[in-house]
Amino acid sequence: MSKPYVIRVSSQKGGVGKTTASVNLAMAMSLAGSKVLLIDADFINPSVGIHLGIEGANTGVRAVLLGKSTLEGSVVRHNPSGLDVLPGEIVSRPHNPTVAQMQRLFKQVFKSTYNFVIMDTPPGFFPDEEFGNFGEAIIVTTPEMSSCVSAVRLANDYDRSHLKHGLVVNKFRNKGYELHINEMEEMYDGTILAVLPDSEIVPIGVSERIPAYLMNRRAPFSSAIGQLAEKYITKMGFEFQAKKSNGLLARIAAAFRLLFGRG
Amino acid sequence: MAQPYLVRVSSQKGGVGKTTISVNLAIILKALGYSVLLVDDDYVNPVVAMHLGLEEVGSGFRAVQRGRTRLASVTTIHPPTGLHVLCGELSQKQYDPNPESIARFARMLHQTKYDFVVMDTPPGFTKEVFVNIDEALIVMTPDMQATTSAIRSSQIFDRYHIRHSLVVNRVRRRAFELSPREIESAYGARVEAAFPEDDSVPMSIAAHIPAYLYRKRAPFSRAMLDFSRIYSARGEQKESGAGGQGFLSRLLGLFRRG
């Protein structure tokens with residue numbers, strides 16, 4: 001059995017959409033048939049729980065870090081999607097885990113049977129010692145200068161630590177004052193994995209506690225997330241189970257099956 | 001001599017607009033006739049210079065903070081406005097702020113001749129950063145994630161008796177947003193200002209000109225001006241030693257501008 005593939009979702013600048021990307025990517029992978037664990041390792045501002053409507057869990061990543069609980073004992077199942085989540089605890093004092101504590105978490109992660117582990121991280125830095133545990137890193141950026149400059153800086157850090165990385169552009173509006181995709185590609189000097197359009201279904205999803213991908217899989221944001229999920233799943237040699245369409249016809253058919261008890 | 005009013009613009013959550021608010025508050029206070037120093041203390045992502053279109057030079061920020069260089073020798077002047085700026089310095093690794101040097105730095109800032117010192121702060125601060133300052137200005141966006149982080153910040157500030165106030169940025173007045181009233185009831189105090197979501201802000205940043213100078217009549221600039229006028233009274237109160245910030249003193253602040 002192979003070890004889970006751990007993807008670190010990161011950025012130096014805050015507010016670019018790390019949590020949005022993490023939550024929706026994990027959801028899309030899970031709905032496509034992979035076994036996925038989403039870890040909220042943003043110790044500064046944990047908000048995966050808010051996105052998924054599972055805030056208030058009494059255990060989470062901190063308990064595992066401190067050795068007070070096991071990974072299995074702290075994972076929460078997001079019922080609508082079957083995604084497993086290790087939530088972050090909201091505490092009044094942010095806590096930076098030590099390298100030894102992170103190793104304790106990774107040890108349990110690598111013993112688990114997940115195909116993918118998506119780790120949401122705080123803005124800023126992580127000790128280099130931990131980079132060896134990640135299969136790769138996603139750098140999230142918005143199409144503006146300040147956030148791209150910090151993305152390039154982070155990419156340099158990863159290069160120095162020999163960690164593979166790819167760029168995800170979020171909140172893309174295709175406006176004149178934004179950076180163009182080509183400009184970002186040139187600055188970053190690497191692959192752009194996905195371009196996620198700016199879309200109101202994201203904030204609406206957060207306010208409803210239903211991730212955008214789950215709310216509407218046909219929205220442009222969701223299809224971009226779906227393609228990213230497919231890239232990862234096929235790259236790792238798993239099968240991408242395209243969900244039955246949830247279009248009008250399929251829904252009518254489902255209603256008929258329900259009504260007449262067929263199939 | 002009166003001491004400057006030291007405000008740290010802060011939030012636990014990133015990307016809410018700390019730098020935008022810091023830069024424009026400083027620019028407007030300067031335009032209202034105060035002498036202002038803008039300090040970029042965001043060592044994770046220092047972008048004040050980028051917002052102002054200043055040449056990025058090795059700023060010497062850390063040297064000043066450690067007391068090895070004089071502040072005046074590393075301050076840059078923003079040519080269009082004459083605003084004094086201490087540009088940020090990037091720390092390659094997780095910068096571990098030494099509480100003693102932070103406290104000394106704040107004391108040193110208090111001994112300057114400025115009316116206001118506005119400091120931009122990285123997301124995810126610790127309480128040590130707030131030693132010897134007059135106020136923490138919390139910036140948030142009208143969503144749940146930013147609200148919980150603002151409440152968390154306010155709890156930290158309350159515990160250490162740090163004066164704090166709250167402004168909401170990027171308000172679109174949409175149904176899925178939290179309303180200022182909801183935010184107030186969650187935060188337990190008044191929301192001092194609501195700045196509208198406005199395309200002139202990203203446009204101004206792309207042009208390296210602060211939004212207030214880029215389009216004075218844009219909704220964001222107007223709201224920022226109104227807020228800064230009221231805000232300017234705080235420096236005056238400190239000077240006169242007056243306590244509260246009642247209606248009269250705020251009115252007085254309005255007349256003192258210019």
Side-chain angles (χ1 to χ4, degrees), chain A residues 11-20 42-51 53 55 90-96 122-128 140 142-151 153-154 156-157 160 170-171 173 175-179 200-209, chain B residues 11-20 42-51 56 90-96 122-127 141-156 158-159 169-170 172 174-178 199-208:
Chain A
S11 81
Q12 278 190 0
K13 188 174 186 311
V16 292
K18 283 181 295 299
T19 307
T20 301
D42 184 346
F43 307 107
I44 291 171
N45 196 45
S47 56
V48 165
I50 293 172
H51 281 249
E55 61 262 60
I90 293 188
V91 285
S92 64
R93 189 148 172 75
H95 149 259
N96 274 323
F125 309 93
F126 242 45
D128 283 0
V140 184
T142 50
E144 58 192 3
M145 199 43 111
S146 55
S147 126
C148 281
V149 167
S150 82
R153 235 183 283 136
L154 191 55
N156 291 338
D157 271 5
R160 221 172 299 126
N170 189 26
K171 298 190 192 173
R173 291 197 265 181
K175 292 272 185 90
Y177 53 78
E178 289 181 351
L179 289 173
E200 278 198 353
I201 71 166
V202 175
I204 292 173
V206 177
S207 77
E208 301 281 329
R209 309 283 195 278
Chain B
S11 83
Q12 299 260 7
K13 187 172 186 317
V16 292
K18 284 183 294 298
T19 307
T20 303
D42 186 346
Y43 51 85
V44 176
N45 199 40
V47 287
V48 164
M50 192 184 290
H51 276 241
E56 290 211 48
L90 179 73
S91 160
Q92 221 15 274
K93 285 284 148 266
Q94 181 82 51
Y95 161 68
D96 199 11
F125 49 78
T126 54
K127 70 157 172 47
T141 47
D143 50 61
M144 205 59 196
Q145 310 96 293
T147 306
T148 51
S149 99
I151 293 167
R152 215 139 22 92
S153 308
S154 74
Q155 287 169 345
I156 298 175
D158 282 340
R159 195 179 318 144
N169 192 24
R170 312 190 73 165
R172 292 193 270 182
R174 304 297 298 270
F176 55 79
E177 289 180 357
L178 292 171
D199 262 4
S200 76
V201 175
M203 286 162 92
S204 72
I205 295 169
H208 304 294

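Residue numbers start from 1 in every chain, and the chains themselves are labelled A, B, ... in the order their sequence lines are given, proteins ahead of strands.
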>> Please rank A:G15, A:S11, A:G49 by heavy-atom pairs under 4.5 Å with chain B and give me the top one.
In response: A:G15

> If every non-hydrogen atom of A:S150 is compared with every non-hydrogen atom of B:N45, which pair is closest and at what distance?
Replying inline: CB-OD1, 2.9 Å

> Is the shortest heavy-atom distance from the side chain of A:K175 to the side chain of B:D199 under 4.5 Å?
Replying inline: yes

> How far apart are the closest heavy atoms of A:P203 and B:F176, and which atoms are they?
Replying inline: CB-CE1, 3.4 Å

>> So which residue, B:P202, B:A146, B:S153, ends up with the most heavy-atom pairs under 4.5 Å with chain A?
In response: B:P202

>> Using heavy-atom distances under 4.5 Å, tell me whether B:V16 contacts chain A through its side chain, its backbone, both, or neither.
In response: neither

> Based on non-hydrogen pairs under 4.5 Å, which of A:D42, A:V206, A:I50 is most in contact with chain B?
Replying inline: A:I50

> Less than 4.5 Å apart, any side-chain heavy atom of B:R174 and any of A:I204?
Replying inline: no

> Looking at residues at least two apart in the chain, or sitting in another chain, which of them share a side-chain hydrogen bond (donor to acceptor under 3.5 Å, both in side chains) with A:T20?
Replying inline: none

>> Looking at every non-hydrogen atom in both residues, tell me the closest pair between B:R152 and A:P46 and how far apart they are.
In response: NH2-CD, 4.1 Å

> What residue, out of A:K18, A:R173, A:E200, has the most heavy-atom pairs lying under 4.5 Å from chain B?
Replying inline: A:E200

>> Under the rule for side-chain hydrogen bond (donor to acceptor under 3.5 Å, both in side chains), what residues qualify as partners of A:T142, not counting sequence neighbours?
In response: A:E144, A:S147

> Do the non-hydrogen side-chain atoms of B:Q145 and A:T19 ever get within less than 4.5 Å of each other?
Replying inline: no

> Taking all atoms of both residues into account, what is the closest heavy-atom pair of A:N45 and B:S149, and its distance?
Replying inline: OD1-CB, 2.8 Å

>> Under 4.5 Å from any heavy atom of chain A, what part of B:T148 do you find: side chain, backbone, both or neither?
In response: side chain

>> To the nearest 0.5 Å, what is the distance between CD on A:Q12 and CG on B:D42?
In response: 10.0 Å

